[in-house]
Structures are given as C-alpha cells and as structure tokens.
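Working notes, beginning with the structure itself.
Fair warning: this is a prediction, and the values are worked out from it, not measured in the lab.
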Amino acid sequence: MDALFGFKRQLLRHPGYTVTGATMEGTLIRVSIFGLLLAFGSTQTNKADWEIYSFHINSTVSGRYATTVITSRVVNRKDESKEVEFHVRIPKNAFISKFRMFMDDQVYDGVVKAKEAAQQQYSQAVSRGESAGIVSSVGRTLEEFKTSVTVAALKKVTFELTYEELLKRRLGKYELQIHARPMQPVKDFKVDVYIHEKACINFLDVRGGLSTNALANAITKKQLDKQAWVYFYPTLEQQKVCENCGEDGMNGDLVIVYDVNRHRSLGDIKSSDGYFVHHFAPSSLTRIPKNVVFVIDQSGSMHGRKMEQTRMALLHILNDLAEEDYFGLITFDSRIMYWKRELVQATPDNVESAKTFARNIQDRGSTNINTALLEGSQMLNQQPREGSASILILLTDGDPTSGVTNLEEIQSNVRAAIQDKFPLYCLGFGFDVNFGFLEKMSLQNNGVARRIYEDSDADLQLKGFYDEVANPLLTNVKMTYEGSANLTQTTFSQYYNGSEIVVAGQITNNDIETFIPKVVAISRNASIIFTDTNGTAKPADDSNTQRVWAYLTVKQLLDKELQLSGSEKEKVKSEALRLSLKYGFVTPLTSMVVTKPTEETTEVLDKPSEGAPPPPQPGTGSRLGMASPGLRGTSGRRNSQRRITSSTVMKSSPDIQHGYAGIPGYSGQPGLGGYIPVQYSPGHPGLGGGFFPPAHSPGRMGPQGPFIAMDYDFTLPSVAPPTISAPPAIRFLLQAENHSLPLCFDVIGRSIIRLLHLPSAGVSVNGEVYDDHGFSRIAVHFDTDGITVFIDTGAVTIKDGQTVTRHTGQEHITAGSAVVIKRDKEVDITAGETRLLILLHGKNGQEFLWPTLRQHPSGNAEGILAVKPVAYEEVHQGPITKLKLNGEEIDVSRSSAMDYCMYSPVRAPCWLTSADSALQAPLSRFTVSDL
C-alpha cells in the first residue's frame with residue numbers, strides 16, 4: 001500500500017500541461033484526455049497480478065463539440081480476488097455524461113443525481129464503516145475521476161467513461177490533446193479521432209512527444225474538406241522504445257491541432273431538431289488599439305520565484321505592445337506604486353522605461369487589492385479614447401490583508417468603478433489564492449479568472465494569457481435572433497483575434513424561415529452589422545446541437561449563480577440543476593453515483609470547483625472521508641445494494657428457450673396468428689410446413705411470452721420424427737433516457753432490416769439477418785454517387801456502376817463522397833455528418849456483423865439505428881409489468897440482451913417487449929425486400 005501511496009504522490013505532481021512557445025501563432029485550447037487504469041492487490045502492487053489487455057480512446061469532434069469515450073479492459077491473472085482501480089483525467093471544462101462497468105455479464109451504470117442526494121448516500125456508507133469516497137481532485141488543466149472494483153480470480157472487468165466538451169478557440173486554433181500513460185505496454189492500444197466540420201477544415205497537424213521518433217509510424221492521418229481522421233495504433237515494441245517510454249509503457253502526449261475556414265460574415269450557423277448553434281469568428285477585421293493597465297501584486301507572499309517570473313512575463317508583454325496602444329503599470333502591497341500616473345503611448349522610449357520599472361519590482365508588505373483596482377479603473381476612465389478597447393488585468397497570489405478586506409465590499413467597489421465599460425481579468429498565482437473571490441469579481445465585470453500555476457513556465461503562462469486579449473477586433477458585440485427563444489449569452493464586451501463567440505438557442509416552432517440572426521458591433525471607429533442574405537441556419541444531420549445548447553446553458557447558469565444571491569441565486573441554481581439532471585451532466589451541482597456489485601461499496605464521483613484546494617497527499621488527511629486510513633476501508637459490513645445476477649434475470653423472465661427469444665404480445669404480429677413458426681426438415685410428406693395447427697400448437701402465448709415445448713406426441717409410423725428448429729431471431733437494444741433500463745425487442749425470421757435511411761443525403765443502410773446472432777451482410781447505398789458498399793464477414797466490396805472491387809486487407813478506401821476504412825475486426829464508414837461502425841463478432845464458431853452509429857444523424861433520419869432513446873414510466877398492474885410509453889401502456893418482462901455495439905460484447909438487463917411496442921410503429925416499416 002505504501003507503493004500505491006508513493007505512486008499517487010508522483011501522479012498528483014504530474015504537470016499534465018504543455019505551454020505553447022512564443023513562436024507559435026497562438027495559445028491552443030486543449031481538450032485533454034489522460035486515461036489511466038491501475039490495478040493493485042490488497043497488500044502489494046505487482047504488475048504480474050493484472051493486465052490491461054485493451055485500452056481504447058475514441059474521440060468524435062463535430063461542430064467543435066467533442067464526445068470522448070475511454071474504454072479500458074483488465075483481467076485479473078491471479079487465482080485470488082484483486083482490487084482494480086479506474087483512474088482517468090479529463091479536461092476541466094468537460095462534463096462526464098456516462099460511466100459504466102461491465103463484469104460477469106452484468107452492467108453497472110453510474111447515475112447522475114443531485115449533489116445532496118448523492119452526498120447522503122455517500123455519508124450513509126461512511127457512517128456504516130464502509131469504504132466510500134468522493135474521489136476527485138483538481139489538476140492544472142485536468143480533473144481526476146477514480147473508482148475501483150474487486151475482480152474475482154481470473155476474471156475481467158471493463159470500464160467505459162464518456163465525457164463531452166465544447167472546444168474553445170484561442171488564437172486561431174483548436175487542440176485535442178491525449179496524454180497516454182497506461183502504466184504498462186498494452187497489446188490492443190488504440191486512439192481513434194474523427195473530426196467533422198461543416199465550415200471545412202483548413203489545416204490539421206499532429207504534434208506531441210508521441211508523434212515523434214519511433215512512434216511516428218504508428219500514426220495515420222487523413223484530411224478531406226470537411227472531415228479528418230487520426231489513428232494512433234502503437235505496437236507493443238513501439239510503446240517501449242519511444243522517448244519517456246520503457247517497460248512501464250508510454251508516457252507522453254498526442255496532440256491533434258486544427259482550425260476551420262473563416263471569413264468576414266455572419267459565421268457558421270447550424271440547426272437541428274429545433275435548436276441552433278452559431279459560431280461567430282469573423283476574420284480580415286482591422287485591429288482596434290487598446291488601453292491596458294497591469295495591476296501587479298508585490299506583497300511579501302510574492303517573494304522569490306513568483307516575483308521573478310512576474311517580472312519576466314512583463315518584459316515579454318511590454319515587447320509585444322503595438323505603438324498605437326496605451327498602457328499603464330501599477331504595483332501594490334499595502335501602498336500603491338505607479339510607473340506613470342496616467343496612460344502613456346507604447347513608444348519605444350516608453351516601453352524601455354517601463355521595462356526598467358518592471359525589472360526593479362520588489363516584494364514587500366501586505367495586500368491592498370481594493371485600492372489597487374480602483375486606481376487602475378480610474379486610470380482607464382480618465383483617458384477614454386474613441387475607437388479603442390480598454391482592459392484591466394490583475395495579478396495576485398493572496399487574499400486582501402490591508403485597506404478594505406471584506407471581499408463583497410471590494411467586489412461592489414470595483415463593479416461601481418468599472419460600470420461595464422471594460423473587462424477585468426484576474427490572474428490568480430498558485431493554489432493559495434482565493435480563486436472563488438477572483439472568479440466572481442471577473443464575471444461581474446465581463447472578464448474571466450485564470451489560475452497561474454507555480455511551475456517553471458509560469459512566466460509563459462502569463463504571457464500566453466495576455467496573447468489571447470492582445471488584439472481586440474470588435475467591441476460592444478450584440479447578437480440578435482428573430483424567431484428564437486431560450487438563448488445563451490448574446491452580449492459580449494469584446495471579441496479578440498483568433499477567438500470565437502458561440503451562441504445557441506431554440507428556433508421558435510422549429511421554423512427556419514422566420515429565424516433571422518444578426519450581429520451588431522463596433523469595429524475601430526464605426527458600427528458594423530453582420531448579416532447573411534444567402535440563408536442562415538442550415539439544417540444539419542447532427543444530433544449534438546441540442547447538447548451544445550444544454551452544455552453552454554448550464555455553464556453560463558453556473559457562472560451566474562456565482563454572482564447572484566438570495567432568491568435569484570436559488571432560481572438560477574435550480575434551473576442549472578434541472579438541465580444537468582436532464583442531460584446527465586456531472587456538474588458542480590450533481591454527482592455520479594456508482595453502484596458496484598453486492599458486497600462492495602457505492603461511490604460518488606464529483607466535479608470539483610476550480611477554487612478548491614489541491615487534494616491532500618495520501619495518508620496526510622481525510623478529504624476522501626474514508627472510514628479508516630488509506631484508499632479502502634476494511635470493515636466487513638457492506639452496502640446492501642441489490643445486484644442483478646444472471647439467475648435473477650432468468651427467474652423473472654424465462655424467455656430464452658433453445659436459442660429462441662419470446663416476445664410478450666407477439667400474437668399481434670401479422671401472419672403469425674398467435675403461434676410460433678416451426679420449420680421442419682424437408683422430405684416429410686404429410687406434415688406440410690410452417691405452423692402447428694391450433695389443436696397441437698405448443699407455442700400459444702402466455703403471460704411471460706411464448707416458448708417452445710419439446711414433448712411432442714405424433715403417430716407417424718411411416719416417417720422418422722421431424723427435426724424442429726426455431727426461426728432465426730436477433731435482439732435489439734433500444735436505449736432509454738435518464739439511464740433507465742433499456743428496452744429490447746426481437747426481429748424474427750430471415751429478413752432484411754432497414755438500418756438507416758437519410759433521404760436528404762441519398763444514403764441508405766440495410767442489413768441481412770443471419771441466424772440468431774447478427775447480420776451476415778450489410779449494404780450501404782450512396783444514391784448520389786451511384787455507389788454501393790457491401791460488407792460481409794470477410795471483405796468489403798465496392799460496386800461503382802459496372803465496376804466491382806473487393807477488398808480483403810486492412811485498407812483506407814475512398815468511395816465517391818464516402819470514406820471506408822477496413823480494419824481487422826471493424827469497418828469504419830463516414831459520409832457527410834454520419835459515421836457508421838460495423839463490428840465483426842463471433843459466436844459458436846460463426847462470425848457475424850453488428851452496426852453501430854458513432855456519429856448520429858438527426859432530422860429526417862429513418863431506420864432502426866436512427867430511433868432515439870425513449871422515455872417511459874413504470875406502471876405495475878398485478879403480475880404483469882407495464883410501461884407507459886408515449887401515453888400508451890405496453891406489456892414488458894424483465895430480460896437481458898447482448899450489447900454488440902461494443903468491441904467486447906456484454907449482456908445488459910432490459911425490458912423485453914414486442915418490436916411494434918418498442919419502436920412505436922409496425923415492424924414492417926423497418927424492413928425492406930432487397931439488400
């Protein structure tokens with residue numbers, strides 16, 4: 001256990017951050033994925049005890065909205081139970097939206113609850129002496145989420161975490177960063193990144209330590225106008241020989257950098273399902289001269305390295321001032337010191353004089369933040385310059401200790417002094433700073449707060465922040481949307497070169513014709529209006545639009561909640577909580593409750609606030625609330641959470657007999673007449689075929705669904721007993737909203753299923769049912785190109801007019817407007833904004849296909865794969881369970897189904913019902929006559 005603590009200390013010190021150098025065009029926003037999967041025994045950390053046999057990171061970015069799934073699979077190689085810990089770092093701006101564990105053919109879902117309810121469950125576990133913990137901490141650009149589970153001897157566990165984030169643009173670039181440190185070489189290690197941007201991708205680059213030397217050959221990159229793919233598949237040997245690699249596997253970054261086309265117009269607006277998202281980032285605008293005042297804390301707590309790095313950063317910043325800019329320098333401790341008492345122009349002589357002042361700043365005294373900010377505000381207010389943009393920047397590392405020290409009074413004074421005339425940016429140096437105080441004060445004055453970390457590159461962090469606000473292009477930006485409702489923030493004090501403004505909302509009555517967006521702003525000395533006479537919100541096959549709106553709305557409500565008090569604060573907080581629960585986001589108002597198998601604990605995964613202090617080192621405190629020191633309690637008393645076992649499932653639903661799954665209420669299907677089809681062997685005259693006559697039917701419906709009896713009594717002396725087999729049937733899972741139990745239904749008979757149809761795009765996908773497993777063939781038709789892609793278990797065949805080509809190896813194929821990537825166990829097809837993944841599975845020595853949508857279409861999409869998650873409520877009536885779905889009650893029974901949408905299928909519990917009931921439409925609507 002000491003070894004574990006030592007590792008955790010090392011981990012918490014890991015910076016996990018790379019600073020973009022001064023030669024870069026700009027500072028890059030990073031979407032950081034840091035996946036770790038650790039396994040520890042109860043008394044020692046022996047890597048031979050466990051093995052990560054698969055580690056996948058799949059990130060899909062569409063319209064700057066990133067959805068990332070991290071899947072880790074571990075096997076316990078020992079002949080005794082071992083505790084396995086899942087440890088993942090995600091971006092601070094991301095919201096976790098799903099967490100699942102798969103073990104012993106069971107699924108354990110994390111459920112998002114209001115923080116108070118989750119905390120109560122956590123506290124109850126602690127009071128019973130059980131191990132439990134709010135296992136989260138704050139890193140430099142990342143947050144940590146952890147959970148663990150005890151894995152039986154020679155058993156496996158799969159962890160799957162999903163999180164979502166809207167990428168912010170800074171200095172002209174988006175960046176997706178993956179930090180890989182799996183702690184051992186992994187045989188099946190994959191990173192798949194897919195980017196789709198309607199505005200067209202103008203460049204794509206792959207950087208970071210994992211893109212150089214030996215690992216460079218493990219990267220495959222492809223870019224088209226609107227799509228890009230990056231694959232990182234390092235071999236075991238490559239994972240050992242790269243820089244910072246060894247027997248412990250990889251330890252480094254893979255960084256995907258890109259941007260989209262920009263032009264001086266209204267920007268990129270897309271709509272879907274009654275929602276819109278507007279990305280506004282005009283280019284080719286004239287830079288606005290700025291007035292900037294730096295207010296620098298030189299109190300005693302800034303002694304040493306902090307002060308030295310602040311001086312270095314100021315020297316870099318002063319070098320970058322344009323001559324048309326005006327600036328001022330104020331330093332403070334208990335007193336106020338000026339370089340000049342008024343703003344001066346950034347001429348070469350003035351800049352050199354300011355550098356001399358900066359080099360001689362010395363730390364001393366206490367901290368009078370109130371007076372310093374009021375003086376800085378007055379300096380900007382005294383010299384208003386028409387056609388310029390003013391900015392106030394504060395750098396401090398501590399609480400106010402002299403002058404006015406009441407935090408609310410300081411915030412009120414500063415707000416009154418600024419009067420919404422310019423933004424205030426607060427830079428908090430180190431973890432000792434009262435970041436919540438700075439954050440609230442910045443938000444109240446149209447700015448943001450940023451933490452500066454006490455690392456060797458702190459001066460570059462300061463310079464990097466300044467670069468983001470160094471070039472204002474617009475001021476007083478007002479976004480209006482006629483024919484809309486429930487808008488996110490629409491007014492912005494300034495727009496900076498290389499940044500982006502994002503607004504989302506609902507389109508009234510989903511009527512695009514009456515939706516009219518407009519942007520009004522001031523550019524240098526003139527008012528400017530942005531409109532688009534060629535059409536505005538373009539419909540998009542993109543299901544992210546509503547989630548982008550929800551993400552932005554929740555983020556902004558949380559910011560408002562920080563600024564308000566009393567009933568207004570509670571109202572905003574209540575709405576943020578409602579949306580967090582509706583969309584399954586782990587936010588500061590919610591927690592994810594992770595229920596583990598019986599005899600283990602329930603844990604609560606929290607999203608920490610940025611202002612929270614760093615977590616104590618293991619063994620130094622009890623922030624985790626453990627019953628006893630260490631990571632896990634040792635009490636023999638356990639949580640009594642009910643565990644769903646396979647025996648429980650079978651007891652409640654005897655639905656699977658001899659490979660045939662019965663369906664409650666299936667008698668209503670056309671042509672079946674309430675009886676089970678039975679297929680006889682050929683060559684038995686007199687028996688006919690098809691169905692039992694009613695007098696002899698063994699398959700009449702019962703309350704638990706049909707089943708086939710095998711005790712037949714026929715007097716047929718002239719022939720041998722018939723061979724009886726059930727028709728093939730495959731079972732589909734239909735996800736439900738709010739983490740409810742999914743529905744499942746069977747499709748019986750050798751039929752061709754309409755999997756997906758996009759009339760507007762001229763794309764259709766059909767699949768041929770194969771026995772009782774999955775699909776034998778899948779066809780993807782591209783009507784516009786006149787191309788069809790056929791996928792079977794051994795090859796991909798492209799039919800282009802009269803030309804037919806067959807591909808059996810691992811290839812990257814272009815088929816008209818589609819891209820087809822064939823790998824060993826999957827085929828990845830991308831067309832427009834739709835991405836389809838077809839997985840190859842095996843069962844009982846037979847291989848079959850299973851399709852899953854990675855990029856979900858919306859709008860006029862049809863087919864089984866396009867059916868959206870359902871919302872229902874349980875209604876119990878006697879021995880039969882009923883669900884109310886779209887106002888109608890349907891019969892269901894508890895059952896289970898294999899989830900083949902995963903690389904390693906698992907059995908998931910579900911409510912079994914008829915296809916018509918689950919789909920809320922006749923099954924015939926989802927079948928076609930030809931592949």
Are [X] and [Y] linked by a side-chain donor-acceptor pair shorter than 3.5 Å?
X    : Y    : value
S764 : H757 : no
Y583 : Q546 : yes
T488 : T553 : no
S914 : S917 : yes

| field | Check against salt bridge (Lys or Arg N to Asp or Glu O under 4.0 Å), K868 and D273 | value | CA-CA 12 Å; K868 296 182 179 180; D273 294 336; 3.0 Å; yes
| Between F95 and Y163, does the ring centroid distance fall short of 6.0 Å? | no
| Are F276 and F515 near enough that their ring centres are under 6.0 Å apart? |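 Ring centres of F515 and F276 closer than 6.0 Å.
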| query | After noting the C-alpha distance and the side-chain angles of Y194 and T830, does the key distance pass the side-chain contact (heavy atoms from CB on, under 4.5 Å) rule? | reply | CA-CA 9 Å; Y194 169 66; T830 305; 2.8 Å; yes
| query | Would you call the rings of H781 and F790 parallel, tilted or perpendicular if under 30° counts as parallel and over 60° as perpendicular? | reply |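 Because their plane-to-plane angle is over 60°, the rings of H781 and F790 count as perpendicular.
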| query | Should the pair Y275 and W549 be assigned to parallel (<30°), tilted (30 to 60°) or perpendicular (>60°) ring geometry? | reply |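 Geometry flag for W549 against Y275: tilted rings.
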| said: Could you walk me through whether I791 and I829 satisfy the side-chain contact (heavy atoms from CB on, under 4.5 Å) test, starting with their C-alpha distance in whole Å, then the side-chain angles of each, then the deciding distance to 0.1 Å, before giving a yes or no? | reply: CA-CA 11 Å; I791 302 98; I829 303 175; 3.8 Å; yes
Would a distance-only check, ignoring hydrogens and angles, find a side-chain to backbone donor-acceptor pair under 3.5 Å from [X] to [Y]?
X    : Y    : value
S895 : C910 : no
D899 : C901 : yes
D511 : E513 : yes
S574 : E570 : no

Sidechain N-carboxylate O distance under 4.0 Å for [X], [Y]:
X    : Y    : value
R777 : D792 : no
D828 : R835 : yes
E164 : R547 : yes

| Should F732 and I864 be marked as a side-chain contact (heavy atoms from CB on, under 4.5 Å) after you check the CA-CA gap, both sets of side-chain angles, and the distance that decides it? | CA-CA 9 Å; F732 288 87; I864 281 185; 3.9 Å; yes
| Separation between CG of D916 and CZ of F926, rounded to the nearest 0.5 Å |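 Going from CG on D916 over to CZ on F926, the span is 9.5 Å.
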| request: Might you confirm whether atom CG of N486 has over 12 heavy atoms from other residues, nucleotides or ligands at distances under 6.0 Å? | output: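 Yes, because the 6.0 Å sphere around CG of N486 holds more than 12 heavy atoms from other groups.
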| request: I would like to know whether Y900 and H841 meet side-chain contact (heavy atoms from CB on, under 4.5 Å); could you show each step before the answer? | output: CA-CA 8 Å; Y900 289 117; H841 292 299; 3.8 Å; yes
